[in-house]
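Order of appearance sets the numbers: ligands from 1, and atoms from 1 within every ligand.
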Amino acid sequence: MKMNDIKTAPFMTKAIMLISNMYRLGWDERNGGNLSYILYDQDINEFLDTTQVIRKIPINFNARELRNKIFLVTGTGKYFKNVEYNPEENLGVIQISEDGEYANLLWGFLDGGTFTSELPSHLMSHIERLKEDNHHRVVIHTHPTNLIAMTLIHELDEKSFTKTLWKLATECIVVFPEGVGVLPWMLCGNTDIGRATADKIKGFRACVWAAHGIFGTGTSLDETFGLIETIEKAAEIYMLCQGQQIINSITDDQLKAIALAFKVKVKAGWLL
Ligand code: 13P
Ligand code: ZN
């Protein structure tokens, strides 16, 4: 069967636009940031013969819970700024093998490259989010500038970190009523930070990595980007206020009023 060019597939064009957008926001310097996106049969049917495996790449942990799932994923060492000009080298489509030990490459990584070094954090987070929500599809890791700055000067307790964000801008508690998880600095690119991130991601859709960036998850590219964008915007406001006394931040009672009006379930016990 003749396949259409996968580079014209809607999932692909949307993902590339998002990656370029994040680069232009200044969040993804050099090879910073990575993305993985669960593809459904209807996304790829016309574009990909899933029986044609180009390479089998070991994952180095067992991802059996994701067996047969297909992901669009960014490559390790690849620059977000280059993705739109050369998607086939900078991106890959992988399918997790039946035994969970391998990523079967179906398309991309044309120069012999491989998936992001943060794949453990991505796949372990996908496993946890899918337990919470079977519509879950996206994990984005990026390095938003103001959020990283905030982790350098704000205590890293996640209740305190979340409440600071909520009190800076009205939409925060609506967009992330469950709060954000926060991890202290850890070495990245391994299964330890993957496990720690996925444990946070059980209760929060976003997890901040101190002095590094953020993992955001969601059911669509837009929703996941919007979550990260909202957190970064609040962090930017926080940084803009440095050196000045904040005298009008949102109170706990006002946060409760927002939650009631927008019918969102706020993290239990976090509002007075
Ligand atoms: P990769 O190039 O392996 O995706 O790593 C980038 C990054 O942001 C590491 O945390
Ligand atoms: Zn990173």
contact_flag Gly33 ligand 1 heavy-atom lt 4.0 Å
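A heavy atom of Gly33 does come that close to ligand 1.
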Restricting to N, O or S, what is the name of the atom of His212 that lies nearest the Zn ion (ligand 2)?
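Answer by atom name: NE2.
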State plainly whether one hydrophobic cluster holds both Val139 and Phe61, where clusters connect Ile, Leu, Val, Met, Phe, Trp and Tyr through side-chain heavy atoms under 4.5 angstrom apart.
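No, because Val139 and Phe61 fall into different hydrophobic clusters, even though each may have its own neighbours under 4.5 Å.
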Which of the ligand 1 atoms, numbered from 1, are nearer than 4.0 Å to a heavy atom of [X]:
X      : value
Gly77  : 1 (P), 2 (O), 3 (O)
Asn31  : 1 (P), 2 (O), 5 (O), 6 (C)
His143 : 8 (O)
Thr76  : 1 (P), 2 (O), 3 (O)
Gly32  : 8 (O)
His212 : 10 (O)
His141 : 8 (O), 10 (O)

salt_bridge([X], [Y]) N-O dist < 4.0 Å:
X      : Y      : answer
Asp111 : Lys78  : yes
Lys202 : Glu132 : no
Lys167 : Asp252 : yes
Lys7   : Asp5   : yes

Audit row: Phe204, Glu158, side chain to side chain contact (heavy atoms under 4.5 Å, CB included) steps and yes/no
CA-CA 10 Å; Phe204 306 103; Glu158 58 208 5; 3.7 Å; yes
Residue and atom name of the nearest protein heavy atom (relative to [atom]), distance in Å to one decimal:
atom                   : result
atom 7 (C) of ligand 1 : Asn34 ND2, 3.5 Å
atom 9 (C) of ligand 1 : Glu118 OE2, 3.1 Å
atom 4 (O) of ligand 1 : Thr116 OG1, 2.7 Å

Counting the benzene-type ring for Trp, do Trp27 and Phe225 have ring centres under 6.0 Å apart?
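Yes, the ring centres sit under 6.0 Å apart.
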Below 3.5 Å, N or O to N or O, backbone or side chain included: is there any such pair between Trp209 and ligand 1?
no
For Phe80, the option from Ile16, Thr74, Asn31 that meets side chain to side chain contact (heavy atoms under 4.5 Å, CB included):
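Checked Ile16, Thr74, Asn31 against Phe80; only one passes side chain to side chain contact (heavy atoms under 4.5 Å, CB included): Thr74.
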Would you please test Ile214 and Trp209 for side chain to side chain contact (heavy atoms under 4.5 Å, CB included) and show each step?
CA-CA 5 Å; Ile214 188 167; Trp209 284 7; over 6 Å; no
